[in-house]
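Convention: sequence-line order gives letters A, B, ...; per-chain numbering from 1. Predicted, not measured: the structure shown is a model, and the values here were computed from it.
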Amino acid sequence: MRIATWNINSVRLRLPQVFRFIQEQKIDILCLQETKTEDQYFPSEEFSKQGYAHQYFRGEKSYNGVAIISKLKFQENGYINWCNKDDCRHISVRFGEEVELHNFYVPAGGDEPDIVINPKFLHKIDFLNEMKSYFAEEKKTKKILVGDLNIAPLENDVWSHKQLLNVVSHTPIETETLLDIISSGDWFDVMRSITPHEEKLYSWWSYRNRNWEVSNRGRRLDHVWVSKKLFPQVKSGVIYRETRSWERPSDHVPVIIDIDI
DNA sequence: ATGGTGGAAGGTCCA
C-alpha cells in the first residue's frame with residue numbers, strides 16, 4: 001500500500017498536478033493539506049473519475065483544509081477541533097485491519113517566535129501540546145500520522161541550523177515539543193528512521209527564493225510517522241522532490257511511504 | 001535589517 005502526504009496549497013488550482021502525481025506514482029491513499037476550499041467546491045467527482053472513490057475532506061474558504069482520497073475503502077473516523085477552533089486542520093480515517101490514519105495541518109505560527117506577543121505562535125504551541133497529550137494516552141491502536149507539521153525538528157532538516165534557530169519552524173520550543181510528541185507517543189519518524197541524520201532532508205522550499213534548486217534553502221516540514229508496532233511493515237519512504245520543478249508548483253513536495261497493510 | 005513570491009480574494013490575510 002502506497003500512502004502519500006502533500007501540502008498542495010489550493011487543491012482546485014493544482015488539480016492537474018495532483019492527478020499527474022497520483023497516477024505516475026500509483027498512490028493508493030493521498031492526504032492533502034491546505035486545500036483552501038469549502039467542501040461544496042471540493043473536486044470530489046474529478047477524484048472519483050480518477051479511481052479514488054473513497055474520500056473524506058474538511059475545508060473552509062481561503063485557508064487550511066485537509067482531505068484524504070483513496071482507492072481503498074475506509075471508514076471515517078472523524079476529526080478533532082484542536083484548540084477549540086473549527087479551522088479544518090485535522091481529519092482521521094480507519095482502514096484495513098484497524099489502522100488509524102491521521103492527517104494534520106499544524107498552524108504555521110506567524111513570524112515572531114514569542115508566545116507573549118504573537119498569538120499565532122501561541123496557537124501553534126498550544127496545538128502541539130494538545131497533540132502530545134492526545135497521542136501519549138492510547139498506544140495500542142496501530143496508527144499512521146501524516147501532514148504538514150510546520151516544524152523541521154532536526155539539525156539537518158533545515159539548510160542552516162544556526163541561522164534558523166530563531167526562525168519559526170526550527171526554534172527549540174517547537175523542535176523539542178515535536179520530538180517529545182514522537183517519543184511520548186511511541187512514534188517512528190519514517191524518513192529519519194531510514195535516512196542517516198547527517199543527511200539533509202527537505203520537503204519545502206520557499207516561493208520567495210526564485211532559484212530554489214540552486215540555493216537549496218529548504219526545510220523538512222512534512223512528515224510521516226507510524227506507531228512502533230507498524231514500523232516493521234514500512235518497506236520504503238521517499239520525499240518526492242520532482243513536483244517542485246513542475247509548472248506552477250506547490251512550495252511543498254509529497255512524502256511517500258510503502259507499507260505492508 | 002529587509003524583502004523577496006504565491007493563493008484566495010477582490011480587503012487583506014496567510015503562508
Side-chain angles (χ1 to χ4, degrees), chain A residues 5-19 21 31-44 46 57-67 81-83 85-90 103-115 117-128 146-153 157-160 162-171 173-175 178 202-223 239 241-255:
Chain A
T5 178
W6 195 4
N7 178 321
I8 196 61
N9 189 14
S10 175
V11 66
R12 286 190 287 172
L13 184 72
R14 271 180 261 283
L15 204 53
Q17 287 99 312
V18 176
F19 289 163
F21 169 67
C31 301
L32 295 169
Q33 303 87 35
E34 281 207 273
T35 52
K36 291 187 171 179
T37 186
E38 290 169 289
D39 292 348
Q40 55 180 321
Y41 303 122
F42 189 86
S44 179
E46 289 89 333
F57 44 83
R58 193 174 159 237
E60 63 186 283
K61 199 175 179 176
S62 302
Y63 306 111
N64 313 326
V66 284
N81 279 332
W82 306 87
C83 303
K85 289 176 193 284
D86 192 10
D87 56 357
C88 303
R89 294 182 179 275
H90 169 257
N103 181 9
F104 274 94
Y105 177 52
V106 171
D111 286 332
E112 200 60 52
D114 184 335
I115 58 172
I117 62 168
N118 177 6
K120 289 182 203 162
F121 196 67
L122 176 63
H123 179 211
K124 184 177 198 174
I125 302 303
D126 286 346
F127 195 104
L128 294 169
V146 308
D148 175 5
L149 306 184
N150 267 316
I151 296 171
D157 291 338
V158 292
W159 63 275
S160 168
K162 265 190 183 171
Q163 283 176 256
L164 289 173
L165 264 174
N166 201 32
V167 172
V168 172
S169 73
H170 195 61
T171 64
I173 184 172
E174 294 168 89
T175 58
L178 199 74
Y202 312 139
S203 67
W204 172 88
W205 292 263
S206 171
Y207 284 127
R208 296 177 189 178
N209 214 322
R210 277 233 164 260
N211 215 335
W212 70 274
E213 209 159 9
V214 174
S215 59
N216 199 24
R217 295 186 167 189
R219 305 178 201 171
R220 187 172 71 105
L221 305 179
D222 303 274
H223 300 267
I239 298 182
R241 216 183 144 102
E242 283 84 339
T243 63
R244 192 63 180 77
S245 307
W246 290 359
E247 194 84 12
R248 284 195 98 175
S250 168
D251 46 354
H252 296 254
V253 300
V255 185

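- Between the CZ atom of A:R219 and the C1' atom of B:dA15 there is a distance of 11 Å, given to the nearest Å.
- In this pair, A:W6 and A:F21 present their aromatic rings perpendicular. The plane angle is above 60°, beyond the 30 to 60° band.
- Taking the P atoms as reference points, B:dG7 lies 22 Å from B:dG3, given to the whole Å.
- Residue order along DNA chain B, read from the 5' end via each residue's closest nucleotide, puts A:Y207 first among A:H252 and A:Y207.
- Rounded to whole Å, atom P of B:dC14 lies 17 Å from atom CZ of A:F121.
- The phosphate of B:dA9 has neither OP1 nor OP2 within less than 4.0 Å of any side-chain N or O from A:K61.
- Between A:R12 and B:dG7, a side-chain N or O to OP1/OP2 separation shorter than 4.0 Å is absent.
- Within the 4.0 angstrom heavy-atom criterion, no nucleotide atom of any strand lies near A:R217.
- The side-chain heavy atoms of A:S206 and A:R219, taken from C-beta on, include no pair separated by under 4.5 Å.
- With a 4.5 Å cut-off on side-chain heavy atoms, A:T175 and A:H170 count as touching.
- Take the nearest nucleotide of DNA chain B for A:N9 and for A:Y105: the residue whose nucleotide is more 5' is A:N9.
- Every residue meeting the side-chain contact (heavy atoms from CB on, under 4.5 Å) condition with A:D39, not counting sequence neighbours, appears here in chain and number order: A:F57.
- As rounded to whole Å, 8 Å separates atom C1' of B:dG6 from atom CZ of A:R248.
- Per the geometry, CH2 belonging to A:W246 stands 19 Å off P belonging to B:dG6, to the nearest Å.
- In this structure, the CG atom of A:D148 is 10 Å from the P atom of B:dA15, given to the nearest Å.
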Donor-acceptor contacts under 3.5 Å from residues 104-114 of chain A side chains, at least two apart:
| residue | atom | partner | partner atom | Å |
| --- | --- | --- | --- | --- |
| A:Y105 | OH | A:E34 | OE1 | 3.4 |
| A:Y105 | OH | A:E34 | OE2 | 3.4 |
| A:D114 | OD1 | A:V116 | N | 2.8 |

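- Comparing B:dG6 with B:dG10, their C1' atoms are spaced 16 Å from each other, to the whole Å.
- Look at the P atom in both B:dT5 and B:dA1: the space between them is 22 Å, to the nearest Å.
- To the nearest angstrom, P of B:dG6 lies 14 Å from CH2 of A:W212.
- In terms of heavy atoms, A:E60 sits closest to A:D87 at OE2-O, 2.6 Å.
- Shown for residues 164-171 of chain A: no residue has heavy atoms falling under 4.0 angstrom of DNA chain B.
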Item to complete: Test salt bridge (charged side-chain N to carboxylate O under 4.0 Å, His left out) on A:D148 and A:R89 and set out the steps.
Response: CA-CA 10 Å; A:D148 175 5; A:R89 294 182 179 275; over 6 Å; no
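- Separating the CD atom of A:E60 from the P atom of B:dC14 is a distance of 11 Å, rounded to the nearest angstrom.
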Any N/O pairs under 3.5 Å between the protein and nucleotides 1-4 of chain B? List them or say none.
| residue | atom | partner | partner atom | Å |
| --- | --- | --- | --- | --- |
| B:dG4 | O6 | A:R208 | NH1 | 2.9 |
| B:dG4 | N1 | A:R208 | NH1 | 3.1 |

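- For the pair A:D86 and A:R58, the salt-bridge criterion is met [side-chain N within less than 4.0 Å of a carboxylate O].
- Taking atom P on both B:dC14 and B:dA9, the two are 15 Å apart, rounded to the nearest angstrom.
- For A:H123, there are no ring-ring contact (aromatic ring centres under 6.0 Å, His included) partners, not counting sequence neighbours.
- When the P atom of B:dC13 is taken as reference, atom CG of A:N64 falls 16 Å away, rounded to whole Å.
- Across B:dG6, B:dA9, B:dA15, the shortest atom-to-atom separation from the side chain of A:S62 is found for B:dA9.
- A:Y41 comes within contact range of no nucleotide atom at all, as no heavy-atom separation falls under 4.0 Å.
- With sequence neighbours left out, the side-chain contact (heavy atoms from CB on, under 4.5 Å) criterion links A:R217 to A:W159, A:N209, A:S215.
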